2 protein chains.
Amino acid sequence: MVYKYDLEDKVLLAVDCIIFGFDEEDLKILLIKRDFEPQKGNWSLMGGFLQKKENLDQAANRILYHLTGINDIYLEQLYTFSEVDRDPAERTISTAYYALINAKDHENVLSSDFSAKWFSISDFPDLIFDHPEMIEKAMKRLRRRVSTKPIGFELLPEKFTMRQLQKLYEAILGTPLDKRNFINKINSLDILVKLDEKDMSSSRKGSYLYKFDTEKYQQKISEGFSFKL
Amino acid sequence: MVYKYDLEDKVLLAVDCIIFGFDEEDLKILLIKRDFEPQKGNWSLMGGFLQKKENLDQAANRILYHLTGINDIYLEQLYTFSEVDRDPAERTISTAYYALINAKDHENVLSSDFSAKWFSISDFPDLIFDHPEMIEKAMKRLRRRVSTKPIGFELLPEKFTMRQLQKLYEAILGTPLDKRNFINKINSLDILVKLDEKDMSSSRKGSYLYKFDTEKYQQKISEGFSFKL
DNA sequence: TTGTTAAGTGTAATAAAAACATTTCAAATA
DNA sequence: TATTTGAAATGTTTTTATTACACTTAACAA
């Protein structure tokens, strides 16, 4: 790294968050309506600026917490966007993060205090700057990641049915999956616990609830197991 | 993105490049000996600072060109490193890129003018800052990427033997591969052209040279083909 | 002509993925 | 209380992909 630099080359480093949620059948993203200039009134991803005293992960967490009241969620750095004129007002670079949240369990937190709103991934409003590109990249990353890491569970409530899990994977991957093959595959991974409890909301018969078994998963990982769906 | 910011939060954004090469049996990285403070005399990745008038891809290309004289090579953004004290002297954020170059064809360019030197990926000197972490991450990314995109060819001369290609994959993946299975797999992809020319340097019999067929590959991609090795 | 060295080649066995239809349960209703 | 209803639960067969494996060939050297 060369140490001759020009103070003029210092830049503002922003962090923008693509926040994914899942509700019934639909993958969603959380957007906010800007109540400040520029682009006031337009929809945008949640963002803020990196501060001197924090790293990017911390900045992403801070921004998410301030704008949604939610803490301790899955966050992963995506990509750093740096087109010279991406922000027409000022030279800013933005590192995008994507987050997975269990929308159900945070419904109240996300209430009116915050000007955030969920939109279907297949139907959201025009966004400022390069935010659509960020979402596209996040979607691709999520699609890849979800078949090699058990992060899908972050989008579901703690207890979920096999059908919900399948719908989630179908929504993320954008393709229908065979019910029996899906269940067989999931069961063969042996990282869920089947509860003695049923969800009665979707049928008369009811369907068993499952939980992701974090300890078991960690145990298997340490034994060389690799999640592959 | 919130537009209240503090000018104090402006940062220096560096770009550091992990440059991979391949020589015979060994995957290598190109490092430079710093001839300036701080950390003068220590080895480091090639780096520089993002300038106001360019984006990160352009910065990475510029830095690579200035430090090696090489242009037009495969470059991919890796990750942005932002620990507060990663550079003890000054707050800098660094976006790492990795590059793949065909070391053979650039031997002369990389000659004495530049203080760069190749090191085996399995035996390189201590590096400054978080550069070892960058290399580790680049290595992981390369390993994944190489089985879904035909970027391995970037590391080989234009004409290469099947054996060279296999050795390359073995070096990247860190595992031995079965000769026949490997060749069968590659041939089934149908993206190479077998030349009428042999490389006589490795055996009395000689081994056929192949070329990656970019047009054919692009054609197949546009027809929905997906490279999977 | 014989030896040496790496190149070139195909098939069988195993494992993984995909296709596919019927039965079960619990509540609602006749 | 018997019957209907609608989603849940469940295994097997077929197809495809992956892995394992060994001998022959070409060219030059001795």
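So that the names make sense, note that chain A is the first sequence line, chain B the second, and so on, each numbered from 1. Source: prediction; values computed, not measured.
Checked by atom type, the side-chain pair A:N102/A:D105 shows a donor-acceptor distance below 3.5 Å. A donor-acceptor contact closer than 3.5 angstrom links the side chains of A:Q166 and A:E170. For the 3.5 Å distance criterion, the side chains of B:S122 and B:S120 qualify, holding a donor opposite an acceptor.
If you measure from atom CD of B:E24 to atom C1' of C:dA6, you get 15 Å, rounded to the nearest angstrom. A:D199 has its CG atom 14 Å from the C1' atom of C:dA26, to the nearest Å. One atom, CD of B:Q164, and another, C1' of C:dA7, lie 13 Å apart when rounded to the nearest Å. Put simply, CG on A:L173 is 12 Å from P on C:dA18, counting in whole angstrom units. Atom pair B:Q166:CD and C:dG8:C1' shows a separation of 12 Å (rounding to whole Å applied).
B:R204 contributes no side-chain N or O that forms a donor-acceptor pair with the base of C:dT5 under 3.5 Å.
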Nucleotide-resolved protein contact map, nucleotides 9-17 of chain D, B/S/- at heavy-atom distance under 4.0 Å: BBB------
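Residues A:L27 and A:L142 form a side-chain contact, since some pair of their non-hydrogen atoms from C-beta on lies under 4.5 Å apart.
Under 4.0 angstrom from either OP1 or OP2 of C:dC25 there lies no side-chain N or O belonging to A:S203.
Applying the ring-ring contact (aromatic ring centres under 6.0 Å, His included) test to every pair with at least one member in residues 147-187 of chain A, sequence neighbours left out, gives these pairs: A:F153-A:F160, A:F153-A:F212, A:Y169-A:F182.
With ring centers used as reference points, B:Y79 lies under 6.0 Å from B:F81.
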